[in-house]
Amino acid sequence: VRTIDLIQAKRDGKHLGDDAIRFVIDAYTRGEVPDYQMSALLMAVYFQGMAPEELTAWTRAMLHSGTVLSWPEVERTCVDKHSTGGVGDKISLPLAPAVVACGGAVPMVSGRGLGHTGGTLDKLESIPGFRVRLSLEETRRVMRELGCVLIGQTDEIAPADRKLYALRDATSTVESIPLIASSIMSKKLAEGVSGLVLDVKTGSGAFMRTRERAQELAATLVGIGNGMGTRTVAWITRMDRPLGRLVGNALEVVESIATLRGEGPEDITALTEVLGAEMLVLAGVAADVEDGRARIAASLRDGSALDVFRRMVAAQGGDPRSVDDTTLLPTARDKVVFASTRAGWVEAIDTAELGRAGMVLGAGRATAEDAIDPAVGLEVLATTGDRVEVGDPLVVLHVNDRRNLDWATRLLEGAYRIGQAQPAHVDLFLERVS
Ligand code: URA
């Protein structure tokens with residue numbers, strides 16, 4: 001097989017065979033196909049797309065470029081969730097312990113925040129001592145003892161994705177649905193789970209701004225998962241306002257713990273219940289989603305999910321006292337109020353802009369190398385649909401370094417649209433794709 005022939009075939013809209021795809025992904029991962037040829041192939045895929053069979057072969061080749069985990073020592077069925085990300089999306093923190101409290105097992109490999117979106121690993125690391133880098137041996141021990149682990153991607157998991165993602169970033173080929181879908185699924189399927197629930201976000205704070213793009217991505221992800229023998233379900237949910245009221249790493253841990261105590265915001269609790277119900281059905285624990293939802297809700301009320309979270313924090317080196325006394329988590333020095341200069345309804349929030357306001361305070365990173373400050377972030381007091389008067393606080397900024405405060409404030413000014421039209425109530429859940 002010659003790489004140039006594959007580039008030409010794809011450029012001209014032809015389908016690539018399984019062997020050709022396996023060859024090019026393997027050879028690229030080993031460094032035997034140069035970046036310039038892979039860039040050309042990625043751009044051809046960007047314009048021509050991939051047929052379902054090609055996409056399955058492409059994802060399988062990426063998955064098998066590294067270690068595929070399996071859990072023979074765990075008696076329960078392993079399931080997981082992946083969200084395409086957004087602002088204030090801390091669902092993994094209450095969700096994984098709740099599913100485990102109900103009888104499932106969750107070996108979750110998560111990512112870090114980039115740009116306006118947050119990442120589960122950064123949030124967990126705001127807990128003093130918490131380690132997201134465990135050896136394979138430690139990971140297995142925690143899974144065996146607890147049925148739940150939350151770790152970062154290792155060098156062994158889907159190395160083809162690591163190389164391809166960096167190349168896509170540099171060649172403007174990130175925004176391709178087949179390339180996004182194969183990237184996500186190669187990492188998630190490497191966890192060796194039997195069932196996967198996807199939360200595909202749409203709206204002003206999401207990767208997929210329009211409902212149509214979100215539908216296409218959801219259908220593609222579900223097609224890959226089911227095509228490769230992992231039962232996969234997706235929910236398309238709104239990311240047109242921040243999830244919950246707290247944005248920022250330690251702040252989101254605080255809100256996650258509130259949710260685990262049954263005292264979380266309505267949207268965070270509802271998402272935890274709905275996604276958790278799907279996971280319990282996939283794990284064979286719940287008879288149907290209604291039963292699953294009731295079980296997850298009970299685990300948040302009776303303290304059993306919180307207990308799993310506390311034990312997971314301890315098992316991964318974190319201070320379990322911070323779960324019961326959240327004043328032990330990092331807190332920012334100053335709180336600065338951002339108030340409304342207009343009276344009216346919050347008609348819309350540009351959620352990506354709001355996320356960027358948190359990022360410039362230090363809660364997120366503009367490039368993968370940036371350091372973050374676990375303590376800083378935003379407390380969102382007014383969200384879409386709320387009535388506000390002149391001088392009402394919209395957001396409280398939790399600040400350590402005041403140098404970017406003006407910048408953050410300007411981003412918030414641009415993020416809030418306040419007008420005279422009361423927006424209609426909208427449902428967080430748009431549709432289920434299976
Ligand atoms: N997340 C991923 O893991 N990969 C992509 O390509 C885009 C988002």
Side-chain angles (χ1 to χ4, degrees), residues 63 66-83 89-113 118-158 161 184-199 230 249 252-253 256-257 259-260 272 275-276 278-280 282-283 285 296 299 304-320 322-323:
L63 166 69
T67 306
V68 180
L69 300 171
S70 63
W71 309 99
E73 67 276 58
V74 178
E75 281 169 19
R76 300 167 169 207
T77 306
C78 291
V79 290
D80 194 16
K81 183 251 357 178
H82 175 78
S83 158
D89 185 355
K90 59 212 48 97
I91 301 299
S92 294
L93 274 66
L95 178 67
V99 168
V100 171
C102 295
V106 184
M108 190 182 279
V109 178
S110 299
R112 295 196 180 275
T120 300
L121 301 180
D122 299 322
K123 294 168 199 179
L124 289 168
E125 281 182 346
S126 70
I127 301 171
F130 197 101
R131 289 189 302 127
V132 298
R133 288 174 70 98
L134 303 186
S135 67
L136 190 55
E137 221 169 283
E138 286 176 302
T139 302
R140 290 203 170 284
R141 180 177 54 74
V142 178
M143 271 302 283
R144 201 169 49 238
E145 291 172 1
L146 212 60
C148 181
V149 71
L150 270 82
I151 54 169
Q153 195 186 350
T154 65
D155 292 343
E156 292 81 35
I157 292 178
D161 178 62
I184 292 173
M185 293 303 278
S186 65
K187 286 175 289 205
K188 281 282 140 179
L189 297 179
E191 294 172 351
V193 291
S194 309
L196 183 61
V197 179
L198 300 157
D199 182 5
T230 300
N249 297 287
E252 294 193 40
V253 172
S256 301
I257 291 171
T259 305
L260 286 159
T272 305
L275 300 176
E278 298 282 3
M279 289 166 77
L280 291 183
L282 292 173
V285 170
I296 297 284
S299 79
S304 56
L306 182 67
D307 185 50
V308 174
F309 184 72
R310 193 186 290 108
R311 286 192 286 139
M312 183 189 74
V313 167
Q316 295 195 221
D319 181 355
S322 55
V323 175

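As the structure is a prediction and not an experimental result, all values here were calculated from the model.
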- Message: Quick check: closest heavy atoms across C78 and G192, and the distance to 0.1 Å?
- Response: CB-O, 4.3 Å
- Query: Out of curiosity, L280 CG to T77 OG1, how far, rounded to the nearest 0.5 Å?
  - Reply: 11.0 Å
- About how many Å separate CD1 of I151 and CE of M108, when rounded to the nearest 0.5 Å? 11.0 Å
- Query: Is a side-chain N or O of E125 found less than 3.5 angstrom from the main chain of V132, in a donor-acceptor match?
  - Reply: no
- Quick check: does any side chain N or O of N249 sit under 3.5 Å from a backbone N or O of S126, one acting as donor and the other as acceptor? no
- Task: Give the C-alpha distance, both sets of side-chain angles, the deciding distance and a yes or no for side chain to side chain contact (heavy atoms under 4.5 Å, CB included) between V68 and L63.
- Result: CA-CA 7 Å; V68 180; L63 166 69; 3.8 Å; yes
- How long is the gap from CD1 on I257 to CG on L93, to the nearest 0.5 Å? 8.5 Å
- Message: Using the rule side-chain contact (heavy atoms from CB on, under 4.5 Å), only one of T120, L121, L275 pairs with S92; which is it?
- Response: T120
- Given side chain to side chain contact (heavy atoms under 4.5 Å, CB included), test M279 with V106 step by step and report yes or no. CA-CA 9 Å; M279 289 166 77; V106 184; 4.1 Å; yes
- Message: Does any part of the side chain of K123, heavy atoms only, come nearer than 4.5 Å to the side chain of S256, both counted from C-beta?
- Response: no
- Query: Does V313 reach the side chain of D319, with side-chain heavy atoms less than 4.5 Å apart?
  - Reply: no
- Note on the structure: Closest heavy-atom pair, A105 versus M143, reported as atoms and distance to 0.1 Å, is CB-CE, 4.2 Å
- State, to 0.1 Å, how close T259 and P94 come at their nearest heavy-atom pair, and which atoms those are. CG2-CB, 4.0 Å
- Query: Looking only at atom types and distance, does a side-chain atom of W71 sit under 3.5 Å from a main-chain N or O of G147, one as donor and one as acceptor?
  - Reply: no
- What is the minimum heavy-atom distance between C148 and M312, and which atoms define it? SG-SD, 3.7 Å
- Between CG of D80 and CG of L150, what distance do you get to the nearest 0.5 Å? 8.0 Å
- Item | Pairwise distance CG(D199) to CG(L95) - rounded to 0.5 angstrom | 9.5 Å
- Item | Which atom of C102 lies closest to which atom of S299, heavy atoms considered | SG-CB, 3.9 Å
- Strictly by modelled atom types, are D161 and S186 linked by a side-chain donor-acceptor pair under 3.5 Å? no
- Any side-chain heavy-atom pair of L134 and Q316 under 4.5 Å: yes
- Item | Heavy-atom pair with the smallest gap, counting every atom of F130 and L124 | CB-O, 3.3 Å
- Query: Would you say the side chains of T154 and E156 form a donor-acceptor pair under 3.5 Å?
  - Reply: yes
- Message: side chain to side chain contact (heavy atoms under 4.5 Å, CB included), that's the test. Do E138 and V149 meet it? Break it down for me.
- Response: CA-CA 10 Å; E138 286 176 302; V149 71; over 6 Å; no
- Could you check L146 against V100 for side chain to side chain contact (heavy atoms under 4.5 Å, CB included), going step by step and ending with a plain yes or no? CA-CA 8 Å; L146 212 60; V100 171; 5.7 Å; no
- Query: Sub-3.5 Å donor-acceptor pair from the side chain of K81 to the main-chain atoms of T272, do we have one?
  - Reply: no
- Task: Report the distance from atom CD of E73 to atom CZ of R140, rounding to the nearest 0.5 Å.
- Result: 4.5 Å
- Message: Just so I know, are the side chains of V323 and L306 near enough to count as touching, which here means a heavy-atom distance under 4.5 Å?
- Response: yes
- Message: I want to check something: taking the side chain as every heavy atom from C-beta on, are S194 and L282 in contact at a cut-off of under 4.5 Å?
- Response: no
- Query: Within a reach of under 6.0 Å around CZ of R144, are more than 12 heavy atoms found that belong to other residues, nucleotides or ligands?
  - Reply: yes
- Item | Contact check, side chains of L260 and P97, non-hydrogen atoms, under 4.5 Å | yes
